[in-house]
> 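Pasting a structure here, questions to come.
Ligands are counted one by one from 1 in listed order, and the atoms in each one are counted from 1 as well. Predicted model only: the values in this text are computed from it and were never measured.
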Amino acid sequence: MNADDPTRPRYLRRHLLGIEGLSPQEITILLDRSETYVLQNRQANKKKSVLSGRTIINLFFEDSTRTRTSFELAGKRLGGDVINMSVATSSVKKGETLIDTAMTLNAMHPDVLVVRHPQSGAVSLLSDKVNCAVINGGDGSHEHPTQALLDALTIRRRLGHLDGLVIAICGDILHSRVARSNIHLLNTMGARVRLIAPNTLLPAQVERLGVEVFQNMSEGLKDVDIVMMLRLQRERMQGNFFPSIREYFNFFGLDEAKLSNAKENALIMHPGPMNRGVEIDSDLADDFGRSVISEQVEMGVAVRMACLEILTENLDSEEFRNL
Ligand code: ASP
């Protein structure tokens, strides 16, 4: 469909703060646009100029390797100027508040702010105070929308669709923004989500999210299409959530024996960074017949290009000028 066609479906929002509340159509628009960039990123010339003249600031209050690099590459491949601000060098260390930092950056007229913050809700708060588009690059244990989109793109490209699939998300659900964004996206797109975790790593009343809950890997993995493993986020844990790493791996780590319960061609996913031998057996992580972990990283760049392009298109449109 022609990009200038006024009847084409659009993502009519200023920001991308989370997956919760997005319609299946909005998610599909983001995924379809991402698809075009997968091909472009595999060519020798990966550059386009759709963000020429635009400024993107990556504002990361929390460490990140892949998400920050991925947004940086995405912005540069579209011809934008990308600036990385990490908390270690920022004035936040000198006591500036989140909002003051946002206002300072806002005064420099960025077009997009990509923000990661350790507190759930902080990115949404910040988005109210600025004139540009804001993309949530992960807020506390709340949401990480571009991760869920890249996971969905990976699945859709491999299996052709999302509806009707059975997907197990396993491990540290409690601390995982990846799990939350994926639950919203997969439910919205008609997949069935199972969560597999020890009781201590499940949020209270998790069933309300429309998922099935298991505390046993063999039962939970029975006949699933996708096994999505999560990192044990020890940096977010205060106190003991499981007796030992060895015991955790024995009961909840993905190995051949547990995986044999899933469908024969089930795909293995992990958002990274991985703890090999903690939540996933190292050989399985590298089993390129079944593990799509590198593909997830590849899809990440395409998804972020699509999000940057769509949000900057919106900045130009009449509907958004008065918001
Ligand atoms: N990279 C993902 C995130 O930022 C997952 C993780 O850190 O385990 O949430």
> Nearest to atom 1 (N) of ligand 1, what protein heavy atom do you find, and at what distance?
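Scanning the protein heavy atoms, the shortest distance from atom 1 (N) of ligand 1 goes to Gly272 O, 3.0 Å.
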> For Arg177, which part has a heavy atom under 4.0 Å from ligand 1: side chain, backbone, both, or neither?
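Just the side chain.
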> So does Gln233 have more than 12 non-hydrogen atoms from other groups sitting under 6.0 Å from CD?
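Yes, enclosed.
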> Would you kindly say whether Arg304 and Thr146 are connected by a side-chain donor-acceptor distance under 3.5 Å?
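A donor-acceptor contact under 3.5 Å links the two side chains.
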> When you check the gap from the basic side-chain N to the acidic O, do Glu264 and Arg290 get nearer than 4.0 Å?
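Between Arg290 and Glu264 there is no salt bridge, as every charged N stays at least 4.0 Å from the carboxylate O atoms.
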> Atoms of ligand 1 less than 4.0 Å from Gln233 heavy atoms?
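Counting atoms of ligand 1 from 1, those under 4.0 Å from Gln233 are 8 (O).
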> State if Pro273 counts as touching ligand 1 under the rule of any non-hydrogen atom under 4.0 Å.
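Pro273: in contact with ligand 1 (<4.0 Å).
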> Would you tell me whether Gln296 and His270 have side-chain atoms, one donor and one acceptor, within less than 3.5 Å of each other?
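No donor-acceptor contact under 3.5 Å links the two side chains.
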> Would you say ligand 1 has an N or O under 3.5 Å from any N or O of Val178?
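There is no such contact.
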> Quick check: does Arg231 get an N/O under 3.5 Å from an N/O on ligand 1?
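Arg231 vs ligand 1: N/O contact under 3.5 Å present.
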> Among Ile56, Leu16, Val82, exactly one meets side chain to side chain contact (heavy atoms under 4.5 Å, CB included) together with Val114. Which residue is that?
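That would be Ile56.
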> Quick check: Arg116 and ligand 1, any N/O pair under 3.5 Å apart?
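Yes, since at least one N or O of Arg116 sits under 3.5 Å from an N or O of ligand 1.
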> For Asn41 and Arg77, test the side chains for any donor-to-acceptor distance below 3.5 angstrom and give the result as yes or no.
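Distance-only check passes for Asn41 and Arg77.
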